[in-house]
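Below is one structure, written out as C-alpha cells, with a few remarks after it.
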2 protein chains.
Amino acid sequence: MSPNRPVYLKLRDQIAAAIMLGKYPEGAMLPSVRALAAEQGANPLTVAKAYQQFQNDGLVEVQRGVGMYVVKGAAERLRAAERETFLQQEWPEIRERMKQLGLNPADLMQRG
Amino acid sequence: MSPNRPVYLKLRDQIAAAIMLGKYPEGAMLPSVRALAAEQGANPLTVAKAYQQFQNDGLVEVQRGVGMYVVKGAAERLRAAERETFLQQEWPEIRERMKQLGLNPADLMQRG
DNA sequence: CAAGGTGCTTCAGTGCCATAATACAGCCAC
DNA sequence: GTGGCTGTATTATGGCACTGAAGCACCTTG
C-alpha cells in the first residue's frame with residue numbers, strides 16, 4: 001500500500017514527529033541538510049526537499065548561511081494541522097472501511 | 001497521502017468490494033478486461049493488472065479464451081483477508097498515529 | 001474453417017523519485 | 001581576508017511504476 005513511500009516524505013514525517021515530541025524545541029536549530037543526509041544515508045537534495053515542506057508552511061525559519069530554526073509555536077501548529085488532516089480525511093475513510101468489513105470501533109477499543 | 005493511488009489498485013478495491021457485496025456471486029463471470037476498461041475509461045492492461053491480483057490469490061478462475069469466474073467462497077475469503085490485513089497492519093498504525101496526536105478512539109466514537 | 005470474443009504478452013512512452021557532481025550565495029570564527 | 005560551515009540552484013543520470021497501443025494465443029460459436 002504505502003511501503004514504497006518516497007524518502008523525502010518519510011523524512012518529512014520523521015522530522016515532524018521529532019518537532020512535535022520536543023526533540024527540536026522552539027528556537028532550536030535543525031540538523032543541517034548535509035548532516036541529516038549523512039546520518040540517514042540519503043542525498044542532501046532529498047533532505048532539502050523534506051525541509052522545503054516546513055518552510056512553505058512557515059514552521060521553520062531559514063537563516064541562509066547559518067541554519068534552519070524551529071519557529072515559535074511550530075509544534076502546536078504542526079499538531080493542530082495533523083489532527084485536522086486526520087479527522088477530516090483519514091478518519092472518515094477508516095470508518096467507511098470498517099463499516100464495509102463489518103468491524104466496530106467499540107470492539108477494537110477492547111484490544112490493543 | 002493516497003489521492004494519487006494507482007488506477008489498477010483503485011480498480012482492484014472496487015472489484016473486491018463488488019464481490020464482497022454480492023454483485024458478482026460465486027460462479028459468475030466478471031466483466032471482460034476490455035468491457036470494464038471501456039466502462040471505466042481505463043486501459044485494458046490496467047484492468048488486467050487489477051484482475052491479476054485476484055488470480056494470484058486464487059479468488060477467480062481463468063478460462064482462457066472464455067472469461068474469468070468468481071471462485072466458490074471468494075467473497076468470504078476476501079472479507080476474511082481484508083479483515084486480517086486491517087487488524088494486523090492498518091489498525092496498529094492508526095492507533096499509533098492517534099496516540100501521537102493525542103486523540104482517543106473513545107472521543108471519535110461519539111462523533112461520526 | 002472463419003469470426004468474434006476471451007486473457008495475455010511485448011514494446012514503447014511518460015512522469016516521479018532519487019542520486020550525483022558542481023557551483024553559487026550567505027554567515028561566522030579565526 | 002580565509003576557511004569552513006550553512007542553504008540553494010543547476011544539470012545530468014538511472015531506476016521504477018504507471019499507462020498506452022498493438023498483436024499474439026486461446027476458446028466458443030456458427
Side-chain angles (χ1 to χ4, degrees), chain A residues 1-16 18-19 23-72 74 78, chain B residues 1-16 18-19 23-72 74 78:
Chain A
M1 205 71 84
S2 319
N4 350 22
R5 199 166 163 72
V7 175
Y8 80 97
L9 284 182
K10 285 188 207 166
L11 290 175
R12 186 237 157 237
D13 288 350
Q14 178 177 326
I15 298 162
I19 291 178
K23 182 175 177 183
Y24 304 128
E26 300 179 354
M29 175 179 165
L30 291 170
S32 78
V33 168
R34 292 173 178 81
L36 188 56
E39 174 189 330
Q40 295 289 331
N43 191 289
L45 236 64
T46 305
V47 175
K49 196 170 180 180
Y51 277 154
Q52 185 70 38
Q53 317 271 327
F54 296 106
Q55 305 183 39
N56 297 339
D57 296 345
L59 294 171
V60 303
E61 190 186 47
V62 176
Q63 290 191 20
R64 201 180 172 102
V66 183
M68 303 180 54
Y69 294 84
V70 179
V71 142
K72 181 181 174 186
L78 245 182
Chain B
M1 204 70 84
S2 323
N4 356 16
R5 199 167 163 71
V7 175
Y8 78 97
L9 283 182
K10 286 189 207 167
L11 290 174
R12 186 240 158 234
D13 288 349
Q14 180 177 325
I15 298 162
I19 291 179
K23 183 176 177 182
Y24 304 128
E26 300 179 353
M29 175 179 165
L30 291 170
S32 79
V33 169
R34 291 173 179 79
L36 187 56
E39 174 189 330
Q40 295 290 330
N43 191 287
L45 191 69
T46 305
V47 176
K49 198 170 180 180
Y51 277 153
Q52 185 71 38
Q53 317 270 327
F54 296 107
Q55 305 182 38
N56 297 339
D57 296 345
L59 294 171
V60 303
E61 189 187 49
V62 176
Q63 291 190 20
R64 198 181 174 102
V66 182
M68 304 179 55
Y69 294 85
V70 179
V71 141
K72 180 181 175 185
L78 243 183

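Predicted, not measured: the structure shown is a model, and the values here were computed from it. Within every chain, numbering begins at 1; the chains are lettered A, B, ... in the order of the sequence lines, protein sequences first and strands thereafter.
We find that NZ of B:Lys10 is positioned 9 Å from P of D:dT19, with the value rounded to whole Å. In this structure, B:Arg5 places its CZ atom 17 Å from C1' of D:dT19, rounding to the nearest Å.
Put simply, B:Asn43 has no side-chain N or O that comes within less than 4.0 Å of OP1 or OP2 on D:dT19.
In this structure, B:Tyr51 and B:Ser32 have side chains that are not in contact, with every pair of non-hydrogen atoms separated by 4.5 Å or more. Taking 4.5 Å as the limit, some side-chain heavy atom of B:Leu78 sits within range of a side-chain heavy atom of B:Phe54.
Distance CG/B:Asp13 to CZ/B:Arg5: 4.5 Å, rounded to 0.5 Å. Atom CD1 of A:Ile19 sits about 10.5 Å away from atom CD of A:Glu26, to the nearest 0.5 Å.
Partner of B:Leu36 under the side-chain contact (heavy atoms from CB on, under 4.5 Å) criterion, out of B:Thr46, B:Ile15, B:Leu30: B:Ile15 alone. The side-chain contact (heavy atoms from CB on, under 4.5 Å) with A:Met68 is formed by just one residue from the set A:Met29, A:Gln55, A:Gln63; it is A:Gln55.
B:Gly27 and B:Tyr69 get closest at one heavy-atom pair: O-CD2, 3.4 Å. Taking each heavy atom of B:Ala42 and B:Val47 in turn, the nearest pair found is CB-CG2, 4.5 Å.
Near DNA chain D, meaning a heavy atom under 4.0 Å from it, residues 45-55 of chain A has A:Leu45, A:Gln55 in order of number. Within residues 24-35 of chain A, the residues approaching DNA chain C are A:Arg34, by heavy-atom distance under 4.0 Å. Taking every heavy atom of residues 59-71 of chain A and every atom of DNA chain D, pairs under 4.0 Å involve A:Val62, A:Arg64, A:Gly65, A:Val66, A:Gly67, A:Met68, by number.
Of the N and O atoms on the side chains of B:Gln52 and B:Asn56, at least one donor lies less than 3.5 Å from an acceptor on the other residue.
Looking only at distances, a side-chain donor or acceptor of B:Asn43 sits under 3.5 Å from a matching main-chain atom of B:Leu45.
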